[in-house]
Amino acid sequence: MNKKKLNIISLFLFLFFFCSKSYAGYDYINISNPFLNKIPIAITSFKNVSKDGQGKETIKEIEDLLHHYIKYIGFFNIIDKKAFIQSDEKIGSISSEINFRDWSSIGTELLLTTIVKVDKNELRLEFRLFDTFKSRLIVGKIYRTKIANKRKTIKTFCDSIIKRLTGKDSIYNSKIAFVSTVGKGAKEIFVCDFDGYAPKRITNKNSISVSPAWSYDGRKLAFVSYEKGEQQLYIKNLITNENSVMNFNGITIAPEWAKGSNTKLATTLSISGDQEIYFINTSGKIIKRLTKNYGIDISPTFSPSGKNMAFVSRRSGSPQIYIKNLRDNSVRRLTYTGRYNTSPSWSPIEDKIVFESVDNKKKEINICIINADGSNFIQLTSNSGANEAPSWSPDGSLIAFASNREGVSRIYVMNNMGTEQRRLLLYKGEQTFPVWSPANIKW
């Protein structure tokens, strides 16, 4: 093959891979960037093409939902409509009708337009997301559905936006499990949508049920209950509502599913006299002992690869976080700042661990974050009561936690650098132990 042909082939391959990458992976948003700049997005008023203009109330509800979901995740800055150059009736919805310079001139990077048609109980939605600087369509979707499915449809579209802009699954189809007080002294497990919508009671044991943990596929919840007067480990199938129970005689606390598993868990048991962490299967069979030390070992959490486990131990005197390499069994201490460091949660996408910490001076309980190599310790909360039990969203962008800053414990959410802290939901009783599910819950 001569040199000219080789150059032509090389050029073709370069253009193929370059164009494929630029088309398929915009990579607008790096959610691991601690200095994430929000993308300015303009969301135009919905264009109603319904017969006789019907469905105005429904359309307003859908528009409000879209704004809520776009704003909630913290990646975007929604531009005030007062800054729009054109009035609503003149704004185009498709490429040929849009003057992209009008949008880029006011700082808009993304433009979202919607055409909607309501026909009795039927709904047709056309969404288009444009890059105003490149003057091109990024995401275009058409949905035909029932009005009753409007919330699910909006979440599905928002999910497609995030997948397009980040290359990762979004949190829109995730859920949060939590514990809430019910009646006199009882604590039950509840589950709600990622934004606190539609809380649903999962257990009904009229006892104390705590420490919920999601299986890899999001179909099962493990938790500890005192229903029989002693700690027992339960696994509830959220699809069939079936329960299995394991009794190990003695202390059973803080279950956590092995990375990528629906059949294997790590939990703390006292069957040897001391409290140690074991791998067990869903039938209650002990697979492997993971820790062996005179200090109490609890609260396992696993790295994204599943090759390392962070946990809490008293082996140095006060509770501190340690990391065990599950391949060579080496253990090293991670935290040195603070008297008590507990409740670790390993980021699902990188080597960062969030945890609760009691400092040496103020004795406040705050949420902190640290790299798995011990560097970059950052305190995320301060002067806001007791902040406990942090849990990562499945994309690593948000952290749920419990706080009594309003007097009683509620669930809060913040971004992964501690900003935009807001209450998840206002619900009767006290809420604790929030745990975020995997990304794509199918039920």
Side-chain angles (χ1 to χ4, degrees), residues 176-181 187 189-190 196 208-213 223-224 251 253-256 268 275 295-301 310-323 333-347 352-372 374-393 398-427 429-436:
I176 296 176
F178 61 93
V179 175
S180 186
T181 55
K187 293 184 178 181
I189 310 294
F190 288 73
I208 296 176
S209 298
V210 294
S211 301
F223 61 94
V224 173
I251 292 172
I253 53 176
E256 176 73 3
T268 293
Q275 296 178 34
I296 295 172
D297 298 324
I298 60 172
S299 303
T301 181
F311 64 100
V312 176
S313 179
R314 284 183 175 269
R315 62 187 64 189
S316 59
S318 65
Q320 297 293 337
I321 298 173
Y322 291 76
I323 292 180
R333 180 172 168 177
L334 178 66
T335 56
Y336 290 88
T337 302
R339 286 191 308 157
Y340 293 84
N341 294 301
T342 58
S343 301
S345 177
W346 206 312
S347 168
K352 290 182 181 294
I353 296 170
V354 66
F355 58 98
E356 64 180 66
S357 178
V358 180
D359 65 23
N360 293 319
K361 295 181 180 179
K362 294 184 179 181
K363 298 181 181 179
E364 293 179 339
I365 304 177
N366 282 303
I367 305 299
C368 301
I369 193 171
I370 192 171
N371 289 344
S375 64
N376 203 26
F377 172 93
I378 301 173
Q379 183 176 310
L380 301 181
T381 63
S382 62
N383 302 316
S384 54
N387 302 280
E388 303 171 301
S391 175
W392 291 94
S393 64
L398 299 174
I399 298 168
F401 62 102
S403 177
N404 67 357
R405 61 187 62 184
E406 293 181 343
V408 298
S409 183
R410 306 287 186 200
I411 308 301
Y412 289 78
V413 173
M414 60 183 166
N415 74 14
N416 57 17
M417 288 302 294
T419 60
E420 299 187 46
Q421 297 182 21
R422 67 268 196 192
R423 189 181 63 226
L424 178 71
L425 76 169
L426 185 60
Y427 200 64
E430 293 189 350
Q431 289 79 54
T432 53
F433 289 105
V435 182
W436 222 304

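Remember, predicted model here, so these are calculated numbers, not experimental data.
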Of all the heavy-atom pairs spanning Pro319 and Tyr340, show the shortest one and how long it is. CD-CD2, 3.1 Å

Taking Arg422 for its side chain and Glu420 for its backbone only, find out whether a donor-acceptor pair lies under 3.5 Å. yes

Over all atoms of both residues, closest heavy-atom pair of Ser180 and Gln431: OG-NE2, 3.0 Å

Where do Pro344 and Val312 come nearest, in terms of heavy atoms and distance? CD-CG2, 3.4 Å

Spacing of CD belonging to Glu430 relative to NZ belonging to Lys187, to within rounding of 0.5 Å: 7.5 Å

Do Leu424 and Arg410 come within less than 4.5 Å of each other through their side chains, counting heavy atoms only? no

With a 6.0 Å cut-off on the ring centroids, do Phe433 and Phe223 count as close? no

Looking at Ile321 and Ala310, what are the two nearest heavy atoms and their distance? CG2-CB, 4.3 Å

Any donor-acceptor N/O pair, Thr381 side chain to Asn366 backbone, under 3.5 Å: no

Taking all non-hydrogen atoms of both residues, which atom of Thr342 and which atom of Phe355 are closest, and how far apart? O-CB, 3.3 Å

Exam field: side chain Thr181 to backbone Gly429, donor-acceptor pair closer than 3.5 Å: no

State which residues pass side-chain contact (heavy atoms from CB on, under 4.5 Å) with Thr419; sequence neighbours excluded, sorted by chain then number. Asn415

Stepwise side chain to side chain contact (heavy atoms under 4.5 Å, CB included) test for Asn416 and Lys352: CA-CA 10 Å; Asn416 57 17; Lys352 290 182 181 294; over 6 Å; no

Can you tell me how far OG of Ser384 sits from CD1 of Ile365, rounded to the nearest 0.5 angstrom? 11.0 Å

Taking the side chain as every heavy atom from C-beta outward, state whether Met417 and Ile369 have any atom pair closer than 4.5 Å. no

Any side-chain heavy atom of Leu425 within less than 4.5 Å of one from Phe178? yes

Got a second to check how far Glu256's CD is from Ser299's OG, nearest 0.5 Å? 9.5 Å

Nearest atoms (heavy-atom pairs only) where Ser391 meets Pro434: CB-O, 3.4 Å

Let's go through Glu406 and Tyr412 carefully: what are the C-alpha distance in whole Å and the side-chain angles of both, what is the deciding distance for side chain to side chain contact (heavy atoms under 4.5 Å, CB included) to 0.1 Å, and is it a yes or a no? CA-CA 11 Å; Glu406 293 181 343; Tyr412 289 78; 3.0 Å; yes

With a 4.5 Å limit on heavy-atom distance, are the side chains of Gln379 and Thr337 in contact? no

So the salt bridge (Lys or Arg N to Asp or Glu O under 4.0 Å) pairs with at least one residue in residues 334-345 (sequence neighbours excluded) are none

Looking only at side-chain N and O atoms, does Ser343 offer a donor or acceptor that is under 3.5 Å from a partner on Glu356? yes

Is the backbone N or O of Leu380 less than 3.5 Å from a side-chain atom of Gln421, with the two atoms forming a donor-acceptor pair by type? yes

If only atom types and distance count, is the side chain of Asn387 paired as donor or acceptor with the main-chain N or O of Gly385 below 3.5 Å? yes

Please walk me through it: do Tyr336 and Ile370 pass side chain to side chain contact (heavy atoms under 4.5 Å, CB included)? CA-CA 11 Å; Tyr336 290 88; Ile370 192 171; over 6 Å; no

Does some side-chain heavy atom of Ser209 sit less than 4.5 Å from a side-chain heavy atom of Val179? no

Check whether any side-chain heavy atom of Val224 sits under 4.5 Å from a side-chain heavy atom of Pro255, and report yes or no. yes

Checking side-chain polar atoms at under 3.5 Å, does Asn404 have a donor or acceptor matched by the opposite partner on Ser409? no

Side-chain donor or acceptor of Trp436 paired with backbone N/O of Ala400 under 3.5 Å: no

Result of checking Thr335, Ile353, Val358 against Asn341 for side-chain contact (heavy atoms from CB on, under 4.5 Å): Thr335

Reported CZ-to-CD1 distance for the pair Phe311 and Ile298, which is rounded to 0.5 angstrom: 11.0 Å

If you apply the rule side chain to side chain contact (heavy atoms under 4.5 Å, CB included), what do you find for Thr432 with Glu388, and how did you get there? CA-CA 8 Å; Thr432 53; Glu388 303 171 301; 5.8 Å; no

Ser313 and Asp297 side chains, donor-acceptor separation under 3.5 Å: yes

Aromatic ring pairing Phe190/Tyr427, orientation class (parallel under 30°, perpendicular over 60°, tilted between): perpendicular

